[in-house]
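To start, the structure under review is shown below, and the notes come after it.
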Number of protein chains: 2
Amino acid sequence: MSAVDKAFHGLRHMIATGRLGAGERIPPEAELGEELGVSRGSLREAVRMLAALGVIEPRHGSGTYVSQLRPEDIIGSLSLTLELLPLPGLLEVYEIRRVLEAHVAAKAAARRTPETVKTLFSLIEAMEATDDPAEASELDHRFHAEIARAAENPTLASLLAVFRARSRKYQVFTLPEGPELRRKSDADHRVLATAIADRDPGSAAGAAEAHVTQTERWLRAFMPPVEEGAQGREKSGEADGALS
Amino acid sequence: MSAVDKAFHGLRHMIATGRLGAGERIPPEAELGEELGVSRGSLREAVRMLAALGVIEPRHGSGTYVSQLRPEDIIGSLSLTLELLPLPGLLEVYEIRRVLEAHVAAKAAARRTPETVKTLFSLIEAMEATDDPAEASELDHRFHAEIARAAENPTLASLLAVFRARSRKYQVFTLPEGPELRRKSDADHRVLATAIADRDPGSAAGAAEAHVTQTERWLRAFMPPVEEGAQGREKSGEADGALS
DNA sequence: AGGGGAAAGTCATCAGATGAATCCTGGCCG
DNA sequence: CGGCCAGGATTCATCTGATGACTTTCCCCT
């Protein structure tokens, strides 16, 4: 096993076994390097790996600390790399997003509070009022994040946040067709928010799924034309059909 | 911005913009370090970060290559860290898994081939025949992986594989109650496989969801007793109810 | 008691040298 | 002519030592 691997797995093991707890400061580089039997340089590379994965967090001048190890810490590490996905992979992500958005919408409808409903509709009004595509995108994100929050599963909420961040990079609202898409999107939001307000999980799930499907369709239509054939990975016609 | 950050984002940008394509070899450390304006050591730390995230892959003596950037490459980076999640977070993961397993089961039922059905039942028979908990766990994994494969979404399949790997660490089958749990699990599998064989998406989804829920229940029952109260994060009674 | 500054502790970065693995090239032999 | 093999070139892996930057702590002075 290489030196960096030794340091990486050694450090990870110390965290997994609880010898280093969440939030705790790990020993200084020199000390830990000696204990693990690697040089400071190799240890630092292992530390950077765990930092990239959201497990630890070095602070210049202070020390290196184990993160809180909350699911969103771990999930968040995807946000830096998910945008490197080529388009075909992105469409697979959309299918996951569709299923999960439908789920959180249904759960949010079952558990909603009056505050949630109030927040959702005020976000909708702000969305309908603005002309700035960037602001609209931001409000759209907050709208969906609020629904995810109401579903009371922070892990799921952060996973969906990562997926949405990836989609937002394409900025469909800035296209010539933007205003039209915006109106359609706003209408979707009203249907979804109304279903949640009515405590109707089935309708909420359907509205959320339709909304994501619509977004996906725009992406397929307006984005990279995908070179013809020879890819062998495209499905035939129908999208899915089953479930939910 | 720090030197490592400069190297990290610079390198990521080169990949995002296509200057470095999937599978391509990146310039040697000395050369790239000079171009990015950082020392070899700092560049190496940035390279390790991207490697931990599944974006690039250094090969000793040969060079450092951009990965294929397939979704499973990116998702796979979670497998090293997801097992560090404490139990409360794991239960949130289970909810996601439940929803997604139900989805892939339904989709598999709609798209199944005779070969898939044959494979599923042969795995079931192998599971029922073995006494080795480790082998049973391995076969269980392959059973669910086969269903995910039939759903024709590699990203989703690899995500579920990561989730399952996390659960397997607990090795419930090695408990005193193991044999009993195994029989129940086997029965679940037969119901699920039968629904898929019958091309019945609804039943398949229900069976998959019930199976995951059952597994989750075992984990709650037999694992770390979770210190009483004071946590404030536990839900009341009902699990979910809506959707699927 | 409070403020300021020095000192210690720790991570960040760089430079240079050496080892290890792989790849390539050219010559040798069958 | 083709295959094998040895040696050099290329590249990543690791270590060592030194210096800079940032944070925290603590003590002294007011």
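Just so it is clear, the model here is predicted, and its values are computed rather than measured. The chains referred to below are lettered A, B, ... by the order of the sequence lines, with proteins before strands, and numbering in each begins at 1.
- The interatomic distance linking A:Y65 (OH) with C:dT10 (C1') rounds to 9 Å, in whole Å.
- Residue A:H60 places a side-chain atom within donor-acceptor reach of the base of D:dA21, judged by atom type and a 3.5 Å distance cut-off alone.
- Under a cut-off of 6.0 angstrom, the local environment of CD in A:E24 is crowded, with over 12 non-hydrogen atoms contributed by other residues, nucleotides or ligands.
- Between the C1' atom of C:dA15 and the CD atom of B:E29 lies a distance of 14 Å, rounded to the nearest Å.
- Comparing A:S2 and B:R25 against DNA chain D, the residue whose closest nucleotide sits nearer the 5' end is B:R25.
- Looking at heavy-atom distances under 4.0 Å, B:R40 makes contact with a base.
- As a whole-Å value, the separation of A:D5 CG from D:dT14 C1' is 13 Å.
- When distances are taken from the side chain of A:S62 to each of C:dT13, D:dT24, D:dC12, the shortest belongs to D:dT24.
- Mapping A:S39 and A:G61 onto DNA chain D by nearest heavy atom places A:S39 closer to the 5' end of the strand.
- Residue contacts for B:G41: at a heavy-atom cut-off of 4.0 Å it reaches no nucleic acid atom on any strand shown.
- Ring-plane geometry between B:H211 and B:H144 is classed as parallel, the angle between the planes falling under 30 degrees on a 0 to 90 degree scale with a further cut at 60.
- If you measure from atom CD of A:E45 to atom P of D:dC12, you get 12 Å, rounded to the nearest angstrom.
- Per the geometry, CZ belonging to B:R44 stands 17 Å off P belonging to C:dG16, to the nearest Å.
- Among D:dT14, D:dC12, C:dC14, the nucleotide with an atom closest to any side-chain atom of B:T64 is D:dC12.
- Rounded to whole Å, atom C1' of D:dT14 lies 16 Å from atom CG of B:L43.
- In this structure, a donor-acceptor pair under 3.5 Å is absent between the side chains of A:T119 and A:T116.
- Between the side chains of A:S67 and A:E57, no donor-acceptor pair is found at a separation under 3.5 Å.
- The separation between A:K6 atom NZ and D:dC15 atom C1' is 12 Å, rounded to whole Å.
- Rounded to a whole Å, the CG atom of B:L36 is 11 Å from the P atom of C:dC14.
- Between the side chains of A:E72 and A:S158, not a single donor N or O lies within less than 3.5 Å of an accepting N or O.
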